[in-house]
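Data first, discussion second: the structure below is written as structure tokens.
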Amino acid sequence: MKVKRYEGKSEAALMPIIIEEMGEGATIISVKQKPKTGFFGFFRKPSVIITAACEDDLELIGLINKSEAKAPAAREEQKPLSTDLEASKPSASSSIEESMSILLKEARKAANQIEQENSNQLKNKAETPKKPDQKYAHSMVQLFYDTMIKQEVLPDVAEHILRELESVDEDSQVDVRILIKAVYSSIVDTLKGSTLIDTSKKGESQVIVFMGPTGVGKTTTIAKLSSVLTLKHNLKVGLITADTYRIAAVEQLKTYADILGLDIRVVYNASEMDEHLKALRAKCDIVLIDTAGRSHKHAESMGELKALLDTIPDSKRYLVVSITTRYNDLCKIVNMFDQQTDFNLIFTKLDEAEALGTLMNLCCLMGKKAAYVTFGQNVPDDMEAIKPDKVAKSLLGLVEGEAHPYAESRDTK
Ligand code: GDP
């Protein structure tokens, strides 16, 4: 769903533009006269703000289509190798309609409360001011905002997600389903578009580099990926570890390589990379490269990383970060690595997080895409390609219970 605000002299002047951009099927969410503010506003011509929506996203239409929502159960039966490295497809996503009832219940509660408060205020013959912590004129939009804040979404990010719905108020009489879809697609749009490993490519020797601070779960993530790529996708995987500062890291990866029967090479400095990479590329569909865990505070270790990356030009790069790291530190880490190369993010340890807001904050404010998430220590089960719809539902409180969907694995262990 696309939602857009149009501003112009009159409704009549704006409608042709809306129809041209959004089509005949566009839904008008609200029509508002723009208030004249300030001294000069008095002389200004009146203007009107129209918020309109249209279904433009086939993927989302698929998501919302009830009849397609039955597929996930069948996919999940493929355990133990159900680890899903593919992007979410419409048929693989559960229906937003199913979750709407939860939110509608909440919305009704909130609306009743607001109505009650308003009528009390009317009884007291007072005007009905917005509560100081109420930012939005429509109770449903306010409910979205409050829910996102509870999920640790930063106020700036929540406001960005709701930006097209600012001017909607109770008078707009808009179907709440349209509001839900609008906010939901705003989150999904911010999160979608990551670069995933192509699991269908045989014989093309893709090279994937993993970077990140120490202890975030980089080596475990590579073990998870190696298992799934080998056992589920039948790809020939080769491993290179340049994480030679930590003997345990080399041993850890060697153990997984032995179990899976994979060729593994150890690279002690950048000059050795080329030779090992050529050897593995000649016989593997995919080469996964583990780099040494680096502190973003050390300029020298960042310089070493850059030298290493220069020896692997044609590679996809992932920065592995733990969602449990303080948000300010995460920003510094992303900034520092961003100065060396472009990358997508892998968020680890979602099972240890109370909420998923940090993931949304980092992607939205740092302009980065998250490709995969990990949510436990089980190799390979506790990892999947990010599912923007799953995150959106969690951030909007469209899931039953208090916990976010990736916290489940923690509870079952
Ligand atoms: P590295 O230093 O970045 O290579 O980190 P490791 O792969 O050695 O992992 C560090 C610790 O984090 C280990 O105890 C892992 O089992 C644990 N770990 C890795 N991924 C996850 C995850 O998704 N959730 C949890 N709870 N622990 C994880």
Side-chain angles (χ1 to χ4, degrees), residues 80-85 208-229 237 239-260 262 264-268 288-298 301-302 304-305 308 317-326 329-330 332-334 336-337 340 343-356 358-359 362 370-387 390-391 394 403-413:
L81 270 182
S82 60
T83 309
D84 194 354
L85 300 184
I208 323 284
V209 182
F210 299 85
M211 314 168 292
T214 42
V216 293
K218 191 160 46 69
T219 313
T220 312
T221 301
I222 295 173
K224 287 171 182 168
L225 277 169
S226 309
S227 309
V228 181
L229 294 170
V237 177
L239 296 175
I240 294 181
T241 174
D243 192 357
T244 50
Y245 290 113
R246 225 167 40 97
I247 297 170
V250 177
E251 290 310 315
Q252 198 182 337
L253 210 54
K254 272 187 172 164
T255 307
Y256 287 116
D258 284 349
I259 295 169
L260 294 166
L262 308 182
I264 178 166
R265 309 287 174 109
V266 184
V267 164
Y268 290 90
L288 305 181
I289 302 180
D290 193 6
T291 62
R294 279 157 217 280
S295 162
H296 59 287
K297 294 180 189 145
H298 292 151
S301 87
M302 281 293 153
E304 281 171 20
L305 175 68
L308 190 76
R317 288 145 192 208
Y318 293 103
L319 178 66
V320 186
V321 290
S322 165
I323 198 169
T324 59
T325 305
R326 260 176 11 117
D329 290 336
L330 278 176
K332 285 183 200 155
I333 292 165
V334 169
M336 206 58 180
F337 280 87
Q340 317 305 323
F343 51 79
N344 270 210
L345 291 164
I346 296 179
F347 279 92
T348 62
K349 309 197 183 182
L350 266 61
D351 54 310
E352 292 184 0
E354 291 302 322
L356 302 182
T358 301
L359 187 155
L362 206 66
Y372 299 97
V373 291
T374 81
F375 36 86
Q377 293 174 306
N378 291 336
V379 178
D381 284 342
D382 296 339
M383 174 170 194
E384 69 180 26
I386 192 164
K387 308 266 184 285
K390 202 163 167 177
V391 178
S394 169
H404 65 78
Y406 297 105
E408 282 166 21
S409 62
R410 171 182 57 184
D411 298 340
T412 54
K413 272 172 209 162

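Since this is a predicted model, take the numbers as computed values, not measurements. Only this structure's heavy atoms are used, side chains among them; waters, hydrogens and symmetry mates stay out. Counting starts at 1 for both ligands and their atoms, in listed order. Start at 1 with the first residue, then count along the sequence.
- When each of Thr324, Val321, Val216, Thr325 is tested with Phe347 by the rule side chain to side chain contact (heavy atoms under 4.5 Å, CB included), just one qualifies, namely Val321.
- Residues Ile323 and Leu362 have side chains not in contact (no heavy-atom distance under 4.5 Å, counting atoms from C-beta outward).
- Counting the atoms of ligand 1 from 1 in the order shown, those under 4.0 Å from a heavy atom of Phe375 are 23 (O).
- We find the CE-CD1 distance between Met211 and Ile346 to be 9.5 Å, quoted to the nearest 0.5 Å.
- Here the heavy atom of the protein found nearest to atom 10 (C) of ligand 1 is Gly215 O, 3.8 Å.
- Assignment of Gly212 to the shell around ligand 1 is not supported, since no heavy atom sits closer than 4.0 Å.
- A salt bridge links Lys218 with Asp290: the closest approach of a Lys/Arg side-chain nitrogen to an acidic carboxylate oxygen falls below 4.0 angstrom.
- To the nearest 0.5 Å, atoms OG1 (Thr374) and CD (Glu384) are separated by 10.5 Å.
- The nearest protein atom to atom 11 (C) of ligand 1, hydrogens excluded, is given as Lys349 NZ, 4.1 Å; this is a heavy-atom distance.
- Atom 13 (C) of ligand 1 has as its closest protein heavy atom Gln377 NE2, 4.1 Å.
- Between Val216 and ligand 1, at least one pair of N/O atoms sits closer than 3.5 Å.
- With a heavy-atom cut-off of 4.0 Å, Lys218 touches ligand 1 through backbone and side chain alike.
- Taking the side chain as every heavy atom from C-beta outward, Asp84 and Lys387 approach each other to under 4.5 Å.
- Short contacts between ligand 1 and Thr374, defined as distances under 4.0 Å to a heavy atom of the residue, involve ligand atoms 22 (C), 23 (O).
- Listed by number with element, the atoms of ligand 1 under 4.0 Å from a non-hydrogen atom of Gln252 are 7 (O), 8 (O).
- Taking every heavy atom of Asp351 and a limit of under 4.0 angstrom, the matching atoms of ligand 1 come to 22 (C), 23 (O), 24 (N), 25 (C), 26 (N).
- Considering only non-hydrogen protein atoms, atom 7 (O) of ligand 1 sits nearest to Thr220 OG1, 2.5 Å.
- Put simply, the side chain of Thr221 does not reach to within 4.5 Å of the side chain of Tyr318, judged on heavy atoms.
- At the shortest separation from atom 5 (O) of ligand 1 among protein heavy atoms lies Gly217 N, 3.0 Å.
- In terms of polar-atom proximity, defined here as any N/O pair under 3.5 Å, Thr219 does make such a contact with ligand 1.
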**OP:** Might you work through the side-chain contact (heavy atoms from CB on, under 4.5 Å) test for Thr220 and Thr348, ending with a clear yes or no?
**Re:** CA-CA 10 Å; Thr220 312; Thr348 62; over 6 Å; no
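- Taking atom 21 (C) of ligand 1 as the reference point, the nearest protein heavy-atom neighbour is Gly376 O, 3.6 Å.
- Between atom CG of residue Leu239 and atom OG of residue Ser226 there is a gap of 4.5 Å, rounded to the nearest 0.5 Å.
- Against a heavy-atom cut-off of under 4.0 Å, Glu352 is close to the following atoms of ligand 1: 25 (C), 26 (N).
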